[in-house]
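Computed over heavy atoms, backbone and side chain alike; hydrogens, waters and symmetry mates excluded. Atoms within a ligand are numbered from 1 in the order they appear, just like the ligands themselves. None of these values were measured; they are calculated from a predicted model.
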Amino acid sequence: TAEVMSHVTAHFGKALQQCREESGLSPEILEEFQHFWSEDFEVVHRELGCAIICMSNKFSLLQEDTRMHHVNMHDYVKSFPNGEVLSEKLVQLIHNCEKQYDSITDDCERVVKVAACFKVDAKKEGIAPEVAMIEAVMEKY
Ligand code: BOM
């Protein structure tokens, strides 16, 4: 659900500041991670892909091949309140997007495509949070 996704995003987003330097993602492109879900934010920059890789690695959410670690992602999402209602769906959506961009060899470029696909599909499924919902739970993490 969107409520659960707001918690996951608030927590995951805390890793952004730690990943700014190595990813080269400037605040002009994305100031705060919760804006990822904003209607006016376009998920297109390679640096955002690099940042998502770095952030995911902080929580061991990726495999050696820079694809999602299914078990760890499932457990990560399940660790949030009501997480079990979202975990399976989230893993399924991300994996479906990964399959569509598997031929892109540049990891940062591929991951930003996967993230853009995930944003579109999460909206379709009604599990995309509003930025305000994320802001409301930020203080918990
Ligand atoms: O193939 C690499 C898979 C990378 C998975 C991350 C895609 C989505 C990241 C952008 C959105 C994040 C929102 C919440 C946290 C989900 C882990």
Side-chain angles (χ1 to χ4, degrees), residues 1-20 22-141:
T1 69
E3 179 63 31
V4 182
M5 188 73 90
S6 71
H7 284 258
V8 182
T9 306
H11 184 267
F12 186 75
K14 295 273 159 145
L16 176 62
Q17 303 315 329
Q18 290 171 263
C19 288
R20 271 222 193 266
E22 76 165 81
S23 66
L25 180 67
S26 71
E28 287 72 33
I29 297 175
L30 182 62
E31 190 173 351
E32 295 181 293
F33 192 75
Q34 60 266 31
H35 297 134
F36 172 86
W37 291 109
S38 164
E39 295 285 351
D40 349 287
F41 179 70
E42 287 195 297
V43 181
V44 294
H45 295 88
R46 182 178 181 278
E47 294 87 346
L48 175 57
C50 302
I52 290 171
I53 292 170
C54 171
M55 293 162 78
S56 300
N57 283 148
K58 304 282 178 207
F59 307 114
S60 304
L61 300 177
L62 301 180
Q63 304 171 353
E64 295 285 334
D65 63 0
T66 321
R67 269 67 172 191
M68 171 176 58
H69 190 297
H70 291 224
V71 172
N72 291 1
M73 180 64 88
H74 198 267
D75 290 349
Y76 178 64
V77 177
K78 267 202 309 191
S79 76
F80 295 92
N82 267 312
E84 67 285 346
V85 305
L86 177 68
S87 53
E88 215 166 305
K89 186 73 181 174
L90 183 139
V91 167
Q92 184 189 309
L93 290 182
I94 292 175
H95 187 59
N96 180 59
C97 288
E98 284 182 330
K99 288 190 281 186
Q100 297 175 47
Y101 296 102
D102 200 45
S103 65
I104 301 177
T105 55
D106 182 279
D107 290 331
C108 296
E109 199 59 65
R110 187 183 61 257
V111 170
V112 79
K113 292 282 191 190
V114 170
C117 168
F118 172 64
K119 182 178 175 181
V120 169
D121 290 357
K123 282 176 184 284
K124 282 186 199 153
E125 293 285 329
I127 59 169
E130 300 293 332
V131 176
M133 295 169 64
I134 303 163
E135 280 168 352
V137 300
M138 287 288 293
E139 64 190 51
K140 297 190 202 273
Y141 302 101

Just the distances, no angles: every ligand 1 N or O to protein N or O pair closer than 3.5 Å, one line each.
| residue | atom | partner | partner atom | Å |
| --- | --- | --- | --- | --- |
| ligand 1 | 1 (O) | Glu98 | OE2 | 2.6 |

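For residues 67-97, every residue pair satisfying the disulfide (SG to SG under 2.5 Å) rule, not counting sequence neighbours, is listed here: Cys97-Cys117. Sorted by first and then second residue, the disulfide (SG to SG under 2.5 Å) pairs involving residues 33-96 (not counting sequence neighbours) are Cys19-Cys54, Cys50-Cys108.
Between Met68 and Val114 there is no side-chain heavy-atom pair separated by less than 4.5 Å. Residues Arg110 and Thr66 have side chains in contact (heavy-atom distance under 4.5 Å, counting atoms from C-beta outward).
A side chain to side chain contact (heavy atoms under 4.5 Å, CB included) with Ser87 is found for one member of Val4, Val77, Val8 and no other, namely Val77.
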Side-chain polar contacts of residues 130-141 - donor-acceptor pairs under 3.5 angstrom, sequence neighbours left out - could you list them?
| residue | atom | partner | partner atom | Å |
| --- | --- | --- | --- | --- |
| Glu135 | OE2 | Gln34 | NE2 | 3.2 |
| Tyr141 | OH | His7 | ND1 | 2.7 |

